[in-house]
Amino acid sequence: MEPTRSRTRSALALAALLGLAGATHFSRPKYYDSIVPRALPGTPRQWTYASGVAELAVATAVAIPRTRRLGGLAAAALFVAVFPANVKMALDFRDKSPKARAIAYGRLPLQIPLVAWAWKVAKATDDHPG
């Protein structure tokens with residue numbers, strides 16, 4: 001597969017992941033409400049919807065070649081920004097089943113390859129504009 005096609009597929013896969021995640025903020029908001037850090041102002045539902053909108057907007061930016069660089073950078077920032085919610089989830093799941101704990105704890109290191117993936121999408125766009 002040629003490098004340009006591979007970069008495009010990677011970007012579109014990232015956009016799909018973000019789009020799916022964003023959509024679930026609206027289809028299953030209670031799940032996300034429960035992991036919003038309580039120190040944030042406003043209600044958990046406001047943060048759930050705001051983060052869902054952010055994920056959908058970033059997904060759109062990543063999917064469009066002209067905005068892909070900015071979208072990749074925004075995706076990397078978004079993955080860093082949601083890390084506190086993942087930490088809260090891990091702490092809240094300390095007394096859950098081993099499977100639930102594994103999912104919650106597994107989300108923590110998963111942020112590293114997600115940030116790297118988003119960064120790679122942004123940088124690949126720099127190397128080979130649209």
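Start at 1 with the first residue, then count along the sequence.
The hydrophobic clustering, which links ILVMFWY residues whose side-chain heavy atoms are closer than 4.5 Å, places L73 and V62 apart. A chain of hydrophobic side-chain contacts below 4.5 Å, direct or via other Ile, Leu, Val, Met, Phe, Trp or Tyr residues, connects L17 to V82. At a threshold of 4.5 Å between side-chain heavy atoms, the hydrophobic network of Ile, Leu, Val, Met, Phe, Trp and Tyr places I103 and F83 in two separate groups. Following chains of ILVMFWY side-chain contacts shorter than 4.5 Å, one can reach L14 starting from V115, so the two form part of one hydrophobic cluster. V36 and Y49 fall into different hydrophobic clusters, where Ile, Leu, Val, Met, Phe, Trp and Tyr residues are linked whenever their side-chain heavy atoms come under 4.5 Å apart, directly or through other members.
No side-chain donor-acceptor contact under 3.5 Å links S10 and R7.
Under the side chain to side chain donor-acceptor pair (under 3.5 Å) criterion, K120 pairs with no residue, sequence neighbours left out.
Test M89, K96, K88, R94 against D92 for side-chain contact (heavy atoms from CB on, under 4.5 Å) and you get one pass: K88.
Residue A75 comes nearest to A118 through the heavy atom pair CB-CB, 3.6 Å, listed as atom of the first residue, atom of the second, then distance. Scanning both residues, T67 and A61, for their nearest heavy atoms gives OG1-O, 2.8 Å. The heavy-atom pair separating P113 from P109 by the smallest distance is CD-O, 3.1 Å. The minimum heavy-atom distance between H25 and T48, with the atom names listed, is CD2-O, 3.1 Å. The minimum heavy-atom distance linking G19 with A59 is given by the pair N-CB, 3.5 Å. Between A104 and A90, the shortest heavy-atom contact is CB-CA, 3.9 Å.
How far CD1 of I35 is from CH2 of W47: 13.5 Å, rounded to the nearest 0.5 Å. Note that the CG atom of L110 and the CG atom of N86 stand 8.0 Å from one another [nearest 0.5 Å]. Atoms CG and OG1, from D33 and T43 in turn, are 7.5 Å apart once rounded to the nearest 0.5 Å. The OG1 atom of T4 sits 12.5 Å away from the CZ atom of R9 when rounded to the nearest 0.5 Å.
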*Verdict with supporting geometry, T24 and Y31, side chain to side chain donor-acceptor pair (under 3.5 Å)*: CA-CA 9 Å; T24 62; Y31 169 80; over 6 Å; no
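Under a cut-off of 6.0 angstrom, the local environment of CZ in R28 is sparse, with at most 12 non-hydrogen atoms contributed by other residues, nucleotides or ligands.
The side-chain heavy atoms of E55 and T60, taken from C-beta on, include no pair separated by under 4.5 Å. Looking at L114 and Q111, their side chains come closer than 4.5 Å, going by heavy atoms from C-beta outward. Using a 4.5 Å heavy-atom threshold, the side chains of F26 and L56 count as touching. Considering only heavy atoms from C-beta on, P44 comes within 4.5 Å of R38 through its side chain.
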